[in-house]
Structures are given as structure tokens and as C-alpha cells.
Amino acid sequence: MTQWLDEIGEEEDIVISTRVRVARNLSKYKFPEYMSISESDNLTDDVLNRVKKEESDEYKFKRLRDLNKLEQRVYVEDHLISPSILKNENIGSFLLRKDEKATIMINEEDHLRIQTLFPGLNLEKAWELCSSIDDFLEEELKYAYDSDLGYLTACPTNVGTGLRASVMLHLPCVSMTGSISVIIEGLRKIGLTARGLYGEGSEALGFLYQISNQITLGDTEEEIINKLDKVVHQILTRERNTRKYLTSNRLVEMENKVYRSLGILKYSRILSSTEAMEHLSNIRMGETMNILKNKELSSAIKLMIDIQPANIQKKLNKEMNSKERDIERARMMREFTLGVEV
Amino acid sequence: MRCESCGKNEAKFHYTKIFNGNIEEKHLCESCAVNDYDFDFDFENHFSMNKLFTGLIDSSVENNKEEINLKCEKCGQTYSEFKSKGKFGCDECYITFKDKLDPLIKGLHGHNHHKGKIPKHSSNHIFLKREKDILKKDLEDAIKEERFEKAAILRDKLKGISSKLEEIKE
């Protein structure tokens, strides 16, 4: 799984991934919350008919009601669908492109959520792909659109462009030195926001933050993308400078932190996902600060997804309670540390 | 004291609202208070962002009975439902509640005009003409049925489309 993380991305020492999504609705139907199951099935058919005409080989189609809970969770943990689509289990479905770079979610909060996902920092490419899928669908599906307000969405926070662009960053050093709170405050003032790994309401596990635009109306898509790109570059500089400062002024403390985490991952027999994330985050930081060596920089990040509850169960193909998962997680970590050179 | 809504249970929640010098008091039991808009004090941690921002709607627009009875014809959502949920039921809600939306949209985005992408179809001449025909018919219906508020909205839309068509011709 997590095929989308296979390539090496730009700025990969800090940027994990780039995601862009647009919200679209068809004027023919009520919004998902007000739809009956049969209406939603008709809408799903409309979308499928459009996709089948030209791109049917590119996508695989899944209805949520045909998947079990575990399979659903795996898609969420892999960031291929949003957690909130699971609330619409009866009507929700999605089309996933074979390379996992794009998902068309049907009947989430809006009729369509077109999402593209790239490793590293890649806002322009992600937007281009997203916009082209949008154009393709729009050729035959009539969107709800108003000349003043733009694309009409179920929630007024998405109206206009319907665009949410977000970049996932690993920011251990600005977090440790406390300047992250200044950054978050600053982001707010310019219409951007920072959230944890799994979106709204989730905490910043493993010092991973998603930075995204909050405002969707009034700026063009390109303006939104450019602003986010500029701000992310500033944050990158700040994190890199802090890493440099800590390497030259606090090396022993940093080594201590990284080696302790390595020790825990190497010898633990039971590990919760929160604890594992925390230590994996330190390992990755150690790799980028040249304290540790690893052939593949992204492996710690991939592991952060692989150790999530549903992914572990899927890998072993059985249901497991939390203790069984914690034991398996510790085993995976021991395996991982074999590839890390001190 | 008994709950003034159901009259059965004891009133445990007491609330005094002073707005523009008018004093309003409410005394409700727990189950009635949960369903009361004024008592939205996050009883079960259901704090919703949407409720927070729908507060923007009322801040500058005064309510009257007619507004509260406003109901979207396509999806059936009423204005008060929209206010408590903060979500639209369909694209027509944007027309039905249009007069109320400006403070909300501006408050959220700082703007009220979309500058970005336009669906290729709606910049297409034929598509616009088709829209114009549909709007014309809707306008006639609205006038026949004496729904003048809706007619005024439709008329404005029609004007907008006509001028766009002119632009394309030029």
C-alpha cells in the first residue's frame, strides 16, 4: 500500500506530501445530506458513466457499503479517502486512480471531492492534475455554479473555488524550540491553518502538521496555491535553520534524543501507535540531521502509515485487539531498526 | 419551578438574554434545553464550527417572522435549520437565503465575489442561452404565482446572463 509515497518528492527532508482537492456539486441533485439512497445511486451512475466513457481503465471503483470497516479504515489511514466520507457509508463511494495519485470521492459532504496526492512539495502538479480531472468531469456533468459565488458547496466555508490545498510537513525542531506556536498564529492571520496528521481535530502526532488554505473565495486558484507555496518555503527555511542551530549548539542533546528513540524502537516488545509515531519522528529527524543513516529517507514516513491500527490488521489479514497490534507494531519496529545505521 | 416548555420536568436551566434593552427569560428542563437554540452551551461536547459561524448571519440582519419561515423549495431546508446546522441542503438554498448570506460569506472569506475558475460550459454561448431561456420561464412562472421576491432575484440573474452574452458577442 501507500503506492503514492513511492517516488522521491521535492524538499523531502521536511515535506511529506502535497494534497489538493476541489469540492463540486451537480445542480441536478440535492446535496448529499438531503439525498435519498436511490438519488445518490443515480448520481453515482452519472459520474461512473462519464468516467467509463474515456478513463475506465485508469480508475478502480469502490462503494463504501461493499467494504468492511477494516478496509474502509485502511483507505483513510493511507490518506486516499477522507475520514468524513465514512459518515456517509450508505451513499458514499470513490474512484481511485491506479497510481493512487487521484481519488474522486462521491457523496462525501459534497457530491464530488476530487483529490490529488503527491509525495514531497508539488503544489503546481497536484493542482494541474486536479483541475484536469475537474475539466474532464465537467464536460458532461452540470455543476452547481453561481457567477458571484463560484462553485456552490454544502458548507459555506468551501464556496468559491472549492479548493483546499494542503502540505504535510515534519517540523520537529521548530516544535521543540517552541516557535511552532508563533508560526501557527501567523498562519491564521493570513488565512492559512495548521492541523494534525489526519485532518480536522486530530493532534499533531509525530510533529506532523498539515498547512492549508482556509479561505476559498475571492482569490483565484493560482493565487491560493502560490501563497501556500511561498509560506511553506518560509517555514522550510525556519525548520532547516533551527536544525542547523541545534546541530551546532545542542548536538549532544539531539543525539541523546535520537539514540534513545532508536533504543526504544530496537528493544520494545509492546508499542502503541502514538508512542511509535513519536520515536519514528525522532528517527527521521536524526536522519535529516546526519545523526543516523538510512538508505531510504521516506521509510520512516511510510512506516508511520503502516503502523496505524487498520493497516497492521490488513497486513496480517486478521482482526486484532489493541494488545496484539501493539506487539506486532513493536516487531515491525525492530525489523525497521535493522536498516538504520548509527 | 416547572419547565416552561414541556411543563412536566423541573426547570434546571435558567437563562436571561438582554438584547437591545429587551429582557427575555427562559426556564427549561434539561431535555428541552438541549433542543433550544439559546441554550447551545455545548452539552455533550458537540461544539460545531458551523454553529459558530452561523452566528455571523444574525449579527447585522434583523429577523422577522417571514424570514424565519423561509424555506428552500428544492430540498425543504428552512432558514432556521440552516442557521442551526450552518450547511446548505442544495444549490437553490443559495438563492432562497441569498439576502441573509452576505455577512456570513464576507465574514468567512473576507470577500463575496469569486475570481477563480469558471466551468467551461458556463462560459459557452449556447449554455448561457439555454440558461437564459430557463430563467425567463421561471421568471414568468414566479410573476404568475406572485412570488415577487423570487422574481426579483431571477430578474437580476437574467440581467447578468444577458450582459455576459453581450460580452461574448463583442
Side-chain angles (χ1 to χ4, degrees), chain A residues 22 24-36 39 109-111 127 130-132 134-163 190-191 193 200-201 213-225, chain B residues 45 47-50 52-54 56-57 72-77 81-83 85-95 97-98 100-124 127-128 130-131 134 153 156-157 159-161 163-164:
Chain A
V22 292
R24 298 289 186 255
N25 287 285
L26 308 192
S27 59
K28 199 167 148 189
Y29 300 96
K30 297 170 211 162
F31 293 160
E33 206 183 323
Y34 279 74
M35 267 179 146
S36 66
E39 279 173 315
E109 185 182 84
D110 295 295
H111 293 148
W127 164 241
C130 187
S131 183
S132 72
D134 179 38
D135 290 342
F136 164 74
L137 291 172
E138 190 254 331
E139 270 174 42
E140 284 188 13
L141 303 170
K142 192 179 171 245
Y143 284 161
Y145 184 85
D146 179 272
S147 53
D148 280 332
L149 292 176
Y151 294 94
L152 303 178
T153 53
C155 184
T157 52
N158 291 318
V159 76
T161 55
L163 174 74
I190 54 171
T193 178
E200 241 161 293
N213 66 305
Q214 190 79 324
I215 287 163
T216 55
L217 180 73
D219 288 334
T220 66
E221 290 82 356
E222 286 74 18
E223 285 167 343
I224 293 170
I225 299 277
Chain B
N45 274 324
F47 179 73
S48 108
M49 278 303 285
N50 293 61
L52 181 71
F53 62 66
T54 50
L56 292 167
I57 306 178
C72 175
E73 284 173 26
K74 183 167 169 181
C75 66
Q77 177 160 259
E81 273 169 344
F82 168 66
K83 252 178 56 182
K85 273 189 194 164
K87 285 191 185 174
F88 298 102
C90 68
D91 55 344
E92 297 238 328
C93 289
Y94 278 92
I95 300 172
F97 308 135
K98 191 180 168 76
K100 314 278 170 300
L101 293 182
D102 213 42
L104 170 66
I105 300 283
K106 266 195 184 153
L108 283 171
H109 298 284
H111 297 269
N112 57 1
H113 199 84
H114 174 59
K115 257 179 35 185
K117 219 174 155 176
I118 298 169
K120 292 212 169 78
H121 277 174
S122 65
S123 57
N124 177 313
F127 181 82
L128 279 177
R130 203 169 61 203
E131 276 285 90
I134 296 168
I153 294 165
D156 291 345
K157 279 206 146 188
K159 263 189 200 162
I161 285 189
S163 64
K164 256 192 207 162

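Chain identifiers are assigned alphabetically (A, B, ...) following the order of the sequence lines, protein sequences preceding nucleic acid strands; residue numbering begins at 1 within each chain. Given the structure is predicted, the values throughout are model-derived calculations rather than measurements.
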Report task. Sort B:K98 into side chain, backbone, both or neither according to what part of it lies under 4.5 angstrom from a heavy atom of chain A. Result -> side chain
Which one wins on heavy-atom pair count under 4.5 Å against chain B: [options]?
options: A:T153, A:T161, A:D146; result: A:T153
options: A:A154, A:G160, A:S27; result: A:A154
options: A:D219, A:L163, A:I224, A:V159; result: A:V159
options: A:L217, A:D134, A:L26, A:T220; result: A:L217
options: A:G191, A:P32, A:G162, A:S131; result: A:S131

Query - B:K115 and A:E223 ion-paired at < 4.0 Å - result: yes
Report task. Give a yes or no answer on whether the side chain of B:N112 reaches the backbone of B:K106 with a donor-acceptor pair at less than 3.5 Å. Result -> no
Report task. Report the distance from atom SG of B:C93 to atom NZ of B:K74, rounding to the nearest 0.5 Å. Result -> 9.0 Å
**Report entry** Among the listed options B:Q77, B:K157, B:H113, B:E92, the residue most often paired with chain A at heavy-atom distances under 4.5 Å
**Finding:** B:H113
Query - Contact check, side chains of B:H109 and A:T216, non-hydrogen atoms, under 4.5 Å - result: yes
**Report entry** Whether B:F88 and B:F82 hold their rings parallel, tilted or perpendicular, with breakpoints at 30° and 60°
**Finding:** parallel
Requested in this report: Please step through side-chain contact (heavy atoms from CB on, under 4.5 Å) for the pair B:K83 and B:L104, ending with a clear verdict.
Outcome: CA-CA 11 Å; B:K83 252 178 56 182; B:L104 170 66; over 6 Å; no
Query - Toward chain B, the part of A:N25 with a non-hydrogen atom under 4.5 Å - result: neither
